[in-house]
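Everything on this sheet refers to the single structure shown next.
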Number of protein chains: 2
Amino acid sequence: MLNAALKKNKVPLYLQIAEVLRQRINGGVWSQGDTLPSLNALMEEFSVSKVTIRQAVKLLQEDELLAPQRGRGTVVTAVPKNRRPLRVETTLADLIEMYSGDVPDVLNLSEDFSSPADHLTEGRLAEEYFHMRRIHSRNGERYCVISMYIEKSVFLDSEERFRKELVLPILFSLSTPKIARARQKMIIAKCNIETAGLINISIGDPVAEIRRVLYDENDTVIYHADVIYRGDYIRLDMDLRP
Amino acid sequence: MLNAALKKNKVPLYLQIAEVLRQRINGGVWSQGDTLPSLNALMEEFSVSKVTIRQAVKLLQEDELLAPQRGRGTVVTAVPKNRRPLRVETTLADLIEMYSGDVPDVLNLSEDFSSPADHLTEGRLAEEYFHMRRIHSRNGERYCVISMYIEKSVFLDSEERFRKELVLPILFSLSTPKIARARQKMIIAKCNIETAGLINISIGDPVAEIRRVLYDENDTVIYHADVIYRGDYIRLDMDLRP
DNA sequence: ACTAAAAGTTCTATAGATAGAAACTTTAGT
DNA sequence: ACTAAAGTTTCTATCTATAGAACTTTTAGT
C-alpha cells in the first residue's frame, strides 16, 4: 500500500524515498542520535532494491541528516532547528509589527515605473506606480521574492528609504497617506522556474503566493505586492474570532 | 539562467519541463487554442535535446493539456477550470458558514477512542475523545484527509450524525456545549507518502497542513483536527482588520 | 576468538533519460 | 505543384536508475 504511491510517480524512487526519510527525520519520528532501521528492513518496507535505499540515504548523508556506519547502522545526525521562522500575519496590527524583530537582508532585483497588470476586484488604481522586485533573506538563506507596486507620489516622497529599507514599516509610518485597510490573499503553489533559481529551491517545491494590497482612506491602492515565500519558511496562526 | 534551476535538480529534465509548461498553461500564459513555440524553440529556450521536450509534451498530451500536430505545431487543449474551489475560512463566522453551499462527499477511514497526542499550548483536554479519520472529496476528486478528535460525551450525544455528516456544522448547531472560540494554524508542507496514496497526489506535492481547535466556554477542547488539504484546492482570503 | 548484525562493494542485466543528428511525413500557404 | 514550417521517426551513444545476488568489511556483544 505504501509502495503504490512511490511506483506510480515518475520521479526516481530514490528521490521519493529520500523525501519520505527526510519527512520522518524533520517530523520527529527519528531524532538526532537514533539509528534507522537497517537497509534490509527499509528495502522490505518500500519494496525496492538495496541500491535504491542506499542512494536515498546518500542524499541525506550529503545534507548531513544521516551518517551510515558499516557494521553499526545509519544514525540520524540532523540538528533540530526551527524550520518555520516566519509567521505570515493575518491582522493589520500584526503586519505593522511584522518587522519589529529580526530584520531580513534585502536584495533589489529591478525597478521601473509601471502599474499592476491585473484587474482589481476592489478599490481603485492611482495614475502611476513605482515597481520594484526584491529578494529577502535571513542568515544567508533566501526565502521570498517580492514584486511590489508603490503609488508613485508616495514613493517619490521617500525614494531613498524605499530603495534601502523594508517597505511596509515605511508605509505604516507615514502620516499621509494613511493606510485605512489591507487585504491579503494566499494560495499554495509549486515553485516556478524563475523563483526556483532566485531562492535556491527546486521547481515544483511548495511555495505560498501571497498578494497584499494596502488602501488609503479613498480606497486607492497605495501598495500592491505579490510575494512568493518558500513554503517551509512560514506558518499562519489564526485566532478565529466570533 | 533559466536552465540552471533545471540542471541542478535531480528530478529528470522532462518532468521539470513538463511542470514549467503546465504552469504556463494553468497561469494563462498560453490559453486554449494557442499554439506553443515550436519544439526547436523550446529546445533552445531550455537548452535541452528535442527528445526531452517531446517527452515533456507527451506527458501534458496524456493529461489533455496539449495536442501536438505534425506540420502544424502543438496546440493548447486545456479546458480552463476553477482550480481553487475551496476557501479556507479565517473567521469563526465564516467557518460556521463553510459548508452552507456545496457539501463534499465523506469517506470514513477509521475510528477509535483516544486523545490528541501532542501537548496543547493552550486550553485543556477533556478526559477522552472520539477519534476519526476521513477523506473529503468533490466531483470524485479527493482533496483532504482529516484526523479529528471530538470530545467523547459530545460525540456520544449525536453519534449517528457525527459518523455520517460533516462534523463542524453539527458542532456549531449544538446548544451545549457552546463553541466559545477557535484557533487555526497552518503550514505548507510536502505531501507525505500516506496522504499521497489516499488523495492521489504525488509525494512531495504542496499541501496545507491545518490544525483547527474549538474550545468551549471553559476553554476545554471540544474538537481538535489535523487536516491535510491538497495545495491546489484551497485559497485564503484575509481582510486585515485594523 | 567467535558470532551476529549491518553497511559497503562488486557483478550482471535491463530499462529509462539524455544528447545530437538526420531523414521522413504532414500541414498550410502561395 | 512547390516551399516552408513543424512534428515524427530512426539511429547512435552515453549515462543514470533499478533490480537481484553474492561477497567483504566493520562494529558490537558475548
Side-chain angles (χ1 to χ4, degrees), chain A residues 2-21 25 30 33-62 64-77 193 202-204, chain B residues 2-21 25 30 33-62 64-77 193 202-204:
Chain A
L2 279 196
N3 190 261
L6 289 178
K7 292 290 175 75
K8 112 178 139 181
N9 194 357
K10 287 184 165 56
V11 174
L13 289 173
Y14 80 101
L15 291 177
Q16 294 185 69
I17 289 167
E19 178 57 33
V20 173
L21 299 183
I25 293 166
W30 298 319
D34 285 356
T35 302
L36 257 62
S38 72
L39 299 189
N40 284 338
L42 292 171
M43 274 170 66
E44 287 185 24
E45 180 183 350
F46 293 107
S47 300
V48 297
S49 151
K50 189 189 274 193
V51 68
T52 306
I53 298 288
R54 284 173 44 69
Q55 281 199 282
V57 167
K58 185 178 167 192
L59 283 182
L60 298 188
Q61 183 181 12
E62 286 163 1
E64 297 181 350
L65 300 186
L66 293 181
Q69 203 167 1
R70 179 186 284 200
R72 185 172 175 179
T74 302
V75 180
V76 177
T77 50
I193 185 169
S202 298
I203 293 159
Chain B
L2 280 196
N3 190 261
L6 290 177
K7 292 290 175 75
K8 107 177 140 183
N9 194 357
K10 287 182 162 56
V11 174
L13 288 174
Y14 80 101
L15 290 177
Q16 292 185 70
I17 290 167
E19 179 56 34
V20 172
L21 299 183
I25 293 167
W30 298 320
D34 285 354
T35 302
L36 258 61
S38 71
L39 299 188
N40 284 339
L42 292 172
M43 274 170 65
E44 287 186 21
E45 179 182 350
F46 293 106
S47 299
V48 297
S49 149
K50 189 187 271 192
V51 69
T52 305
I53 297 290
R54 285 174 43 71
Q55 281 198 286
V57 168
K58 186 179 170 192
L59 283 182
L60 298 187
Q61 184 181 10
E62 287 163 1
E64 297 180 350
L65 298 186
L66 294 179
Q69 202 166 359
R70 179 186 284 200
R72 185 172 172 178
T74 301
V75 179
V76 177
T77 50
I193 185 168
S202 298
I203 294 160

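Worth knowing before you read on, the calculation uses all heavy atoms, side chains too, and leaves out hydrogens, waters and symmetry mates.
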To the nearest 0.5 Å, how far apart are CD1 in B:Ile193 and CD1 in B:Ile203? 4.0 Å
For DNA chain D, whose closest nucleotide is more 5', that of A:Tyr14 or that of A:Gly71? A:Tyr14
Closest to side chain of B:Pro12, choosing from D:dA17, D:dT8, C:dA17: C:dA17
Closest approach to the side chain of A:Arg70, judged atom by atom: which nucleotide of D:dA19, C:dT25, D:dT26 is it? D:dT26
Let me know the distance between CG of A:Asp34 and C1' of C:dA6, rounded to the nearest Å. 17 Å
NZ on A:Lys10 to CD on A:Gln16, rounded to 0.5 Å: 11.5 Å
Less than 4.0 angstrom between a side-chain N/O of B:Thr74 and OP1 or OP2 of D:dG7, yes or no? yes
Between A:Leu6 and A:Phe46, what is the shortest heavy-atom contact and its length? CD1-CD2, 3.8 Å
Looking for any heavy atom pair under 4.0 Å, which part of the strands does A:Val57 touch: base, sugar-phosphate only, or nothing? nothing
For the residue pair A:Thr77 and A:Gln61, establish whether any side-chain heavy-atom pair is separated by less than 4.5 Å. no
Check whether any side-chain N or O of A:Gln69 sits under 4.0 Å from OP1 or OP2 of C:dA6, and answer yes or no. no
Atom-to-atom span, CD1 of B:Ile17 to P of C:dA17 - whole angstrom: 13 Å
Does anything in residues 35-43 of chain B reach DNA chain C, meaning a heavy atom under 4.0 Å, and if so which residues? none
Of the nucleotides D:dT9, C:dA19, C:dA17, which one has an atom closest to the side chain of B:Ser49? C:dA19
Out of D:dA17, D:dA19, C:dA17, which has the shortest distance to the side chain of A:Lys7? D:dA19
Would you say A:Arg54 places a side-chain N or O within less than 4.0 Å of OP1 or OP2 belonging to C:dA7? no
Length of the NZ-P vector between A:Lys10 and C:dT18, whole Å: 13 Å
From CD of A:Glu44 across to P of D:dG20 the rounded distance in Å is 12 Å
Between C1' on D:dT8 and CD1 on B:Ile53, what's the gap in Å once rounded to a whole number? 15 Å
Measure the shortest side-chain to side-chain distance between A:Lys50 and A:Asn40 over non-hydrogen atoms and say whether it is less than 4.5 angstrom. yes
Without decimals, in angstroms, what is the distance between B:Phe46 CZ and C:dA19 C1'? 17 Å
How long is the straight-line distance from CZ of A:Arg54 back to OG1 of A:Thr52, given to the nearest 0.5 Å? 11.0 Å
Check the phosphate of D:dA17 against A:Thr52, side-chain N and O only, distance under 4.0 Å to OP1 or OP2. Yes or no? no
Atom-pair distance (CG on B:Asn9; P on D:dT16), nearest Å: 16 Å
Nearest-0.5 Å distance, CG of residue A:Leu59 to CG of residue A:Leu15: 6.0 Å
Side chain of B:Val51 only, heavy atoms from C-beta on: which candidate in D:dT18, C:dT18, C:dG8 is closest? C:dT18
Can you identify which nucleotide, out of C:dA7, C:dA19, D:dT8, has its nearest atom closest to the B:Lys50 side chain? D:dT8
From CG of A:Leu6 over to P of D:dA19, roughly how many Å is that when rounded to an integer? 10 Å
Residue pair B:Thr74 / B:Thr35, side-chain heavy-atom distance below 4.5 Å: no
